[in-house]
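Sequence positions, counted from 1, serve as the residue numbers for this chain. Computed over heavy atoms, backbone and side chain alike; hydrogens, waters and symmetry mates excluded.
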Amino acid sequence: MNSSKTVMVTGGNTGIGLATAKLLAQQGHRLILACRDMEKAERARQEISTVAPKAEVFLYALDLAKLDSVRACASAVMNDFPQLDVLINNAGLVPTKQQFTQEGFEMQFGVNYLGPFLLTHLLLPALEKAPEARIVNLSSIMHHFGKIDFESFRGKPKYSSIGAYGQSKLGNLMFSNELAKRLPAHVLSNAVHPGGVDSDIYRELPKPVHAVLRLFLISTERAGRYIANMAVGDGWAGRTGEFKSAHGPLPVAARSRDRSISEKLYAES
């Protein structure tokens, strides 16, 4: 995939998303950054222009905690770009306390999983027009700590931030695998564990905890290189239904391959 592609990155204004966007811009690809904070998005566009002055970067508002915003973003993108080559579902969060989306879903389930689920399906008509479209879904090794609890989607009396995050990342992986089985052969879907990355996703952690954690994290640039390669690299042509890590070998939880749960989750979603 050496020719210029149209690539959409959610949460492309910071962290892994911005690092990925910079690399793609330097390679000559057209970028769509879908972001919640449009001021940060504009700063990201300016930052990208410093490393890729000729880059085409288009900004769209997207708040994954509001399904109306997801629908509006998808509609606007489809109107401007009838064909989309790549969708990178990058945006996510890890709140330390239980919060809820506009529609009343537990925040991590809503933002990390349900919002991207809806966005991807709304954009499928544009993706299907590409000769070979690629969907890259950011999951995590933390899916090992997740279990799909159908009674927890609107919150739980006893909330575990790690448990909720693990569930959302397990959902991302199951969704990615289901897409690989359900989509036309020319629309590829793969999942990636970017590694323990020093990004804004940990912004709500207590500062002392974050300071210690950062000692064990890799750079956003390293993760971005891997994701950019999955998105447009020749080595990923024709590959679908895979789950890889920027760190190398990745253990995968057996429950992620439970087709009965996966199909039920897809149907519920």
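Applying the salt bridge (charged side-chain N to carboxylate O under 4.0 Å, His left out) definition to pairs two or more places apart or across chains, those involving residues 17-29 are Lys22-Glu47.
Within the model, atoms NZ of Lys66 and OG1 of Thr101 stand 10.5 Å from one another, a figure rounded to the nearest 0.5 Å. Rounded to the nearest 0.5 Å, atoms CZ (Arg30) and CG (Leu24) are 13.0 Å apart.
Aromatic rings from Phe175 and His121 are positioned such that their centres are separated by under 6.0 Å.
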Pair up each side-chain donor or acceptor in residues 153-161 with any protein partner under 3.5 Å, not counting sequence neighbours, and list the distances.
{"unit_1": "Arg154", "atom_1": "NH1", "unit_2": "Glu103", "atom_2": "O", "d": "2.7"}
{"unit_1": "Tyr159", "atom_1": "OH", "unit_2": "Glu106", "atom_2": "OE2", "d": "3.0"}
{"unit_1": "Tyr159", "atom_1": "OH", "unit_2": "Gln108", "atom_2": "NE2", "d": "3.0"}
{"unit_1": "Ser160", "atom_1": "OG", "unit_2": "Gly163", "atom_2": "N", "d": "2.9"}
{"unit_1": "Ser161", "atom_1": "OG", "unit_2": "Pro95", "atom_2": "O", "d": "2.7"}

Show me the donor-acceptor pairs, under 3.5 Å and distance only, between side chains in residues 51-61 and residues at least two apart or in other chains.
{"unit_1": "Tyr60", "atom_1": "OH", "unit_2": "Asp80", "atom_2": "OD2", "d": "2.5"}

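In plain terms, the two heavy atoms of Arg255 and Met174 that are nearest each other are O-CE, 3.0 Å. Scanning all heavy atoms of the two residues, the minimum distance from Pro131 to Asp85 falls at CD-OD1, 4.3 Å. Taking both residues in full, the closest heavy atoms of Thr240 and Val187 are given as OG1-O, 4.5 Å, listed atom of the first, atom of the second, then distance. Scanning both residues, Ser168 and Asn112, for their nearest heavy atoms gives OG-ND2, 3.2 Å. Scanning all heavy atoms of the two residues, the minimum distance from Leu122 to Val70 falls at CD1-O, 4.2 Å. Closest heavy-atom contact between Leu173 and Ser256: CD2-CB, 3.6 Å.
Ile227 pairs by the side-chain contact (heavy atoms from CB on, under 4.5 Å) definition with Ile16, Thr20, Ile88, Val136, Leu138, Val192, Pro194, not counting sequence neighbours. For His144, the ring-ring contact (aromatic ring centres under 6.0 Å, His included) test picks out no residue, with sequence neighbours left out. In terms of the side-chain contact (heavy atoms from CB on, under 4.5 Å) criterion, residue partners of Lys244 (sequence neighbours excluded) are, by chain and number, Tyr226, Trp236, Arg239, Glu242.
Inter-residue side-chain proximity for Arg43 and Asn13 is flagged as unmet; no heavy-atom pair is nearer than 4.5 Å. Leu250 is listed as a side-chain neighbour of Phe243, based on a closest heavy-atom distance under 4.5 Å. Side-chain contact between Pro251 and Ile141 is present, with at least one heavy-atom pair separated by less than 4.5 Å. For the pair Ile162/Met142, a side-chain contact is recorded, criterion being any heavy-atom separation below 4.5 Å from C-beta on.
For the pair Arg134 (side chain) and Met230 (backbone), a donor-acceptor distance under 3.5 Å is present. A donor-acceptor contact shorter than 3.5 Å links the side chain of His186 to the backbone of Glu128. A donor-acceptor pair under 3.5 Å links the side-chain atoms of Ser269 to the main chain of Leu265, judged by distance alone. Within the 3.5 Å criterion, the main-chain N or O of Ala253 finds a donor-acceptor partner in the side chain of His143. Distance alone, capped at 3.5 Å, is enough to place a donor-acceptor pair between the Asn90 side chain and the Gly11 backbone. A donor-acceptor distance shorter than 3.5 angstrom exists from the side chain of Glu132 to the backbone of Gly238, with no hydrogens or angles considered. When atom types are taken as modelled, the side chain of Ser69 and the backbone of Asp63 share a donor-acceptor pair closer than 3.5 angstrom. Although no hydrogens or angles enter the test, the distance criterion places a donor-acceptor pair under 3.5 Å between the side chain of Thr120 and the main chain of Pro116.
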### Task
Might you work through the side chain to side chain contact (heavy atoms under 4.5 Å, CB included) test for Ile135 and Asn89, ending with a clear yes or no?
CA-CA 8 Å; Ile135 302 168; Asn89 284 315; 4.0 Å; yes
### Query
Under the side chain to side chain contact (heavy atoms under 4.5 Å, CB included) criterion, do Val77 and Met8 qualify, and how do the steps go?
CA-CA 9 Å; Val77 170; Met8 181 171 175; 4.1 Å; yes
### Task
Would you check, one step at a time, whether the test side chain to side chain contact (heavy atoms under 4.5 Å, CB included) holds for His29 with Thr6?
CA-CA 6 Å; His29 300 290; Thr6 301; over 6 Å; no
### Message
Apply side chain to side chain contact (heavy atoms under 4.5 Å, CB included) to residues Phe150 and Lys264 and explain how you reach the verdict.
### Response
CA-CA 9 Å; Phe150 291 89; Lys264 181 180 178 183; 3.6 Å; yes
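For Lys181, the NZ atom sits in a packed shell: over 12 heavy atoms of surrounding residues, nucleotides or ligands are nearer than 6.0 Å.
For Asn172 and Ser139, the side-chain atoms include no donor-acceptor pair closer than 3.5 Å. No hydrogens or angles considered: a donor-acceptor pair under 3.5 Å links the side chains of Ser189 and Ser176.
Leu114 and Leu64 end up in the same hydrophobic cluster when Ile, Leu, Val, Met, Phe, Trp and Tyr side chains are linked at under 4.5 Å.
A side chain to side chain contact (heavy atoms under 4.5 Å, CB included) with Leu84 is found for one member of Leu127, Leu124, Val7 and no other, namely Leu127.
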